[in-house]
Amino acid sequence: MRTIKFRGKTRQGKWLYGDLLHRDNESYILPEDALDSMNNYLVIPDTVGQFTGLLDKNGMEIYENDFVFLDNFGLVKVL
């Protein structure tokens, strides 16, 4: 079964990973351990991407809209 999770960037430049929530025309990423105010999880909508289920050659997760290229040794992710 494929893991369904999302990534989004806060206005402070921090990446958050977890469930996606849309509320009052805003986008939020809620990590599994989300305990703080909803404002701490507000992300820029244009940065939201879903996990593709693929990993690059270094084991890093690949999300929608990531830039990737292939070399002779396999998939390499470029952000």
Side-chain angles (χ1 to χ4, degrees):
M1 180 184 288
R2 188 175 104 158
T3 301
I4 299 175
K5 65 179 169 179
F6 296 85
R7 171 183 75 181
K9 197 174 204 178
T10 66
R11 297 195 191 286
Q12 294 77 28
K14 179 181 175 186
W15 286 103
L16 297 177
Y17 300 82
D19 294 324
L20 177 64
L21 172 68
H22 292 290
R23 181 175 165 203
D24 299 328
N25 295 323
E26 301 280 63
S27 297
Y28 300 87
I29 299 290
L30 299 175
E32 288 182 11
D33 59 351
L35 300 173
D36 299 333
S37 164
M38 288 290 289
N39 291 331
N40 293 335
Y41 306 112
L42 181 64
V43 295
I44 303 166
D46 292 342
T47 66
V48 174
Q50 185 173 359
F51 177 50
T52 63
L54 301 173
L55 303 175
D56 69 8
K57 74 176 190 177
N58 299 314
M60 298 295 293
E61 297 173 340
I62 298 174
Y63 286 80
E64 293 175 333
N65 300 319
D66 280 351
F67 291 99
V68 297
F69 72 92
L70 296 174
D71 66 7
N72 294 334
F73 303 104
L75 184 65
V76 179
K77 181 168 73 169
V78 178
L79 297 177

Holding to ring-ring contact (aromatic ring centres under 6.0 Å, His included), I want the full list of residues that pass it with F51, two or more places apart in sequence or in another chain.
Y63
From the options L21, I29, L16, select the one residue that forms a side chain to side chain contact (heavy atoms under 4.5 Å, CB included) with Y41.
L16
Quick one: do K5 and E61 make a salt bridge, cutoff under 4.0 Å?
yes
Does D56 reach the side chain of V68, with side-chain heavy atoms less than 4.5 Å apart?
no
To the nearest 0.5 Å, what is the distance between CG on N58 and CE on M60?
8.0 Å
Heavy-atom closest pair (R11 atom, I44 atom, distance to 0.1 Å) is NH1-CG1, 3.8 Å
Closest non-hydrogen contact found for Y28 with R23 is CE1-O, 3.9 Å
Run the side-chain contact (heavy atoms from CB on, under 4.5 Å) test on R7 and D66 for me, step by step, so that the C-alpha distance in whole Å, both residues' side-chain angles and the decisive distance to 0.1 Å come before the verdict.
CA-CA 11 Å; R7 171 183 75 181; D66 280 351; 2.5 Å; yes
